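For reference, the structure is listed below as structure tokens.
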Amino acid sequence: MDVDAIREDFPILKKRVHGKKLVYLDNAATTQKPKQVIEAIKEFYSDYNANVQRGVYEISEKATELYEGGRESVAKFINATSSKEIIFVRNATEAINLVANAWAKKNIGKDDEIIISIMEHHSNFVPWQQLAIENNAKIKVVGVDPEGHFKFDEYESLLSDKTKLVAITHVSNVLGTITPVKEIVKKAHEKGAMTLVDGAQSVPHIPVDVQQIGCDFLAFSGHKMLAPTGIGILYGKKEILEKMDPFLKGGDMIKEVHLDSTRWNELPWKFEAGTPNIEGGITMKVAIDYLNRIGMPNIREHEKKLTKYALDAFANTKGIDVYGPRNVEEKGGVVSFNVQQIHPHDLASILDEEGIAIRSGHHCAQPLMENLGLVAASRASFYLYNKEEEIDILINSLKKARKVFRLE
Ligand code: C6P
């Protein structure tokens with residue numbers, strides 16, 4: 001991978017912050033956009049901006065064709081059997097809420113059980129917690145071991161005939177833990193339970209094949225994989241989506257409307273009420289083409305190298321606690337840490353002065369933070385354009401911060 005050449009495609013990486021070169025290490029929050037994506041957005045608005053699925057005129061037909069091309073490209077990227085299985089939504093959060101409202105509300109009742117893990121992002125936790133409260137169902141939570149691995153034995157012991165849904169993250173946005181989703185799905189299906197995989201932190205970083213995993217639903221966001229904000233994806237197995245009623249109702253999701261009845265549209269449009277994020281759908285293809293040109297296995301290898309480099313560097317720096325697995329085979333490109341005696345928010349401000357962007361806080365995973373006995377943590381997360389020298393800059397700045405706080 002020619003990282004220097006890749007960096008040339010990302011205009012923002014040339015930016016200076018407080019007079020320093022931007023070191024962007026917050027890729028789990030959102031990724032930067034290559035000029036190919038930025039240009040494609042500009043081209044849409046300059047050349048063929050029109051609504052989709054409606055107009056019988058040239059530019060609307062072009063917009064529709066490219067928007068649907070985006071869907072095809074997503075389907076291929078995750079190896080869905082058909083583009084009918086790809087629903088465009090705003091983000092991973094909306095994708096999960098769609099399943100909660102359009103499937104779970106009807107299918108999960110009193111005393112039924114939903115299994116999640118303690119690592120879930122609030123997006124894959126709050127919808128299930130609230131549904132359980134509304135429908136008198138129960139939430140069962142799989143824990144992690146001291147290194148942050150998913151406790152598979154505990155998961156097996158929680159599964160029962162009452163389990164109706166297993167909703168699990170593929171990669172933790174805090175610990176970086178990669179969960180054994182294929183095995184998790186297999187066990188859930190043996191009990192007749194449905195499965196949802198939160199792929200927000202996996203699809204952008206590791207090759208993901210929904211047929212191989214076998215999950216019923218997969219949720220992820222375009223903005224974490226080079227595409228713009230406001231476009232997300234719900235993958236669902238066709239036979240399941242077909243049985244589900246729509247979540248949002250209005251234009252586009254209908255076939256026929258009469259005063260006293262409505263017939264729903266076919267998949268996938270049944271779930272896409274109203275005017276969608278057209279440039280988002282179109283540029284999903286541009287983003288995916290970019291990732292495919294570099295190659296997802298190469299991106300994964302690159303992130304493994306960076307993560308190992310970061311873990312070794314942290315281990316060789318005084319006064320730093322690191323959370324999550326140490327073996328990069330079991331971990332995505334996410335390293336959460338604390339500098340002892342410095343609050344993560346203070347640290348993030350000091351790093352900002354050095355041009356370094358990291359995230360600090362609870363990372364929208366408060367149950368996990370509580371479980372780890374932490375109020376907050378700092379997090380560096382990597383992508384295809386990051387370099388080892390950026391990790392050196394981070395480590396040097398952490399040392400500087402320790403000096404500022406008179407810890408060295
Ligand atoms: N995590 C982070 O900094 P949205 O916001 O809908 O695009 O993605 C939600 C989401 C769901 N699951 C996981 C595992 C996630 O990490 C996220 C988003 C960002 O960690 C923003 S809080």
Side-chain angles (χ1 to χ4, degrees), residues 24-33 74 87-101 116-129 141-142 144 148 150 166-179 181 184 195-206 208 213 215 217-235 247 277 280-281 283-284 287 303 323-324 331-337 344-345 348 356-369 372 374 376-383 386:
Y24 187 77
L25 299 176
D26 196 14
N27 294 286
T30 198
T31 62
Q32 298 305 340
K33 318 304 172 200
V74 172
I87 317 291
F88 278 142
V89 290
R90 278 188 305 145
N91 46 41
T93 305
E94 187 174 307
I96 296 167
N97 275 274
L98 195 161
V99 178
N101 281 277
I116 58 167
S117 85
I118 192 69
M119 288 180 281
E120 302 313 318
H121 185 279
H122 295 163
S123 296
N124 196 32
F125 178 71
V126 181
W128 309 124
Q129 179 196 56
V141 184
V142 182
V144 290
F150 180 85
V166 175
I168 297 285
T169 191
H170 194 178
V171 174
S172 160
N173 68 320
V174 179
L175 301 174
T177 310
I178 300 176
T179 59
V181 275
I184 291 171
T195 53
L196 179 144
V197 172
D198 176 354
Q201 299 294 352
S202 62
V203 175
H205 302 278
I206 59 182
V208 169
I213 295 170
C215 54
F217 299 106
L218 174 80
F220 57 104
S221 292
H223 72 92
K224 293 189 198 289
M225 51 189 287
L226 310 182
T229 45
I231 186 81
I233 287 94
L234 173 69
Y235 155 83
F247 170 31
N277 178 346
T283 50
M284 275 308 292
E303 287 184 28
Y323 313 105
K331 190 175 171 75
V334 172
V335 184
S336 287
F337 62 96
H345 287 312
I356 303 169
I358 58 155
R359 187 165 174 196
S360 64
H362 56 58
H363 308 291
C364 302
Q366 279 184 312
L368 174 66
M369 300 300 280
L372 296 171
L374 297 173
S378 300
R379 181 188 70 187
S381 52
F382 313 120
Y383 211 18
N386 287 122

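Counting starts at 1 for both ligands and their atoms, following the listed order. Keep in mind it's a predicted model, so treat the numbers as computed, not measured.
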Taking atom CD of Glu120 and atom CD of Gln366, what is their separation to the nearest 0.5 Å?
15.0 Å
Check each atom of ligand 1 against the heavy atoms of Ala92 and keep those under 4.0 Å away; list them by number with element.
6 (O), 8 (O)
Evaluate the criterion side chain to side chain contact (heavy atoms under 4.5 Å, CB included) for residue pair Trp128 and Leu196; output intermediate values, then yes/no.
CA-CA 11 Å; Trp128 309 124; Leu196 179 144; 4.1 Å; yes
Which of the ligand 1 atoms, numbered from 1, are nearer than 4.0 Å to a heavy atom of Ser123:
9 (C), 11 (C)
Would you tell me which option among Met119, Lys224, Arg90, Arg379 has the nearest heavy-atom contact to atom 8 (O) of ligand 1?
Lys224
Which segment of Ser221 sits under 4.0 Å of ligand 1 when only heavy atoms are counted
side chain
Could you find the nearest protein heavy atom to atom 5 (O) of ligand 1 and give me its residue, atom name and distance?
Thr93 OG1, 3.8 Å
From Phe150 atom CZ to Thr169 atom OG1, the distance as rounded to the nearest 0.5 Å
10.5 Å
Atom 12 (N) of ligand 1: nearest protein contact (heavy atom, Å)
Asp198 OD2, 2.6 Å
Tell me, with the steps shown, if Ile213 and His170 meet side chain to side chain contact (heavy atoms under 4.5 Å, CB included).
CA-CA 11 Å; Ile213 295 170; His170 194 178; 4.2 Å; yes
Is His223 near ligand 1, meaning one of its heavy atoms is under 4.0 Å from it?
yes
List every atom of ligand 1 that sits less than 4.0 Å from any heavy atom of Cys364, numbering the atoms from 1 in the order shown and giving each element.
22 (S)
Starting from atom 2 (C) of ligand 1, find the nearest protein heavy-atom neighbour and note its residue, name and distance.
Arg359 NH1, 3.0 Å
What protein heavy atom sits nearest atom 15 (C) of ligand 1, and how far away is it?
His121 CD2, 3.3 Å
Ligand 1 atoms in contact with Gln201 (distance to a heavy atom under 4.0 Å)
1 (N), 14 (C), 15 (C), 16 (O), 20 (O)
Are any side-chain N or O atoms of Ser381 and backbone N or O atoms of Asn27, one a donor and one an acceptor, separated by less than 3.5 Å?
yes
Is there a side-chain contact between Met119 and Val174 in this structure, where contact means two heavy atoms from C-beta onward sitting under 4.5 Å apart?
no
Side chain or backbone of Glu94 under 4.0 Å from ligand 1, or both, or neither, by non-hydrogen atoms?
neither
Would the distance check show the side chain of Asn277 and the main-chain N or O of Gly230 forming a donor-acceptor pair, the cut-off being under 3.5 Å?
yes
For His205, the option from Phe382, Phe220, Tyr383 that meets ring-ring contact (aromatic ring centres under 6.0 Å, His included):
Tyr383
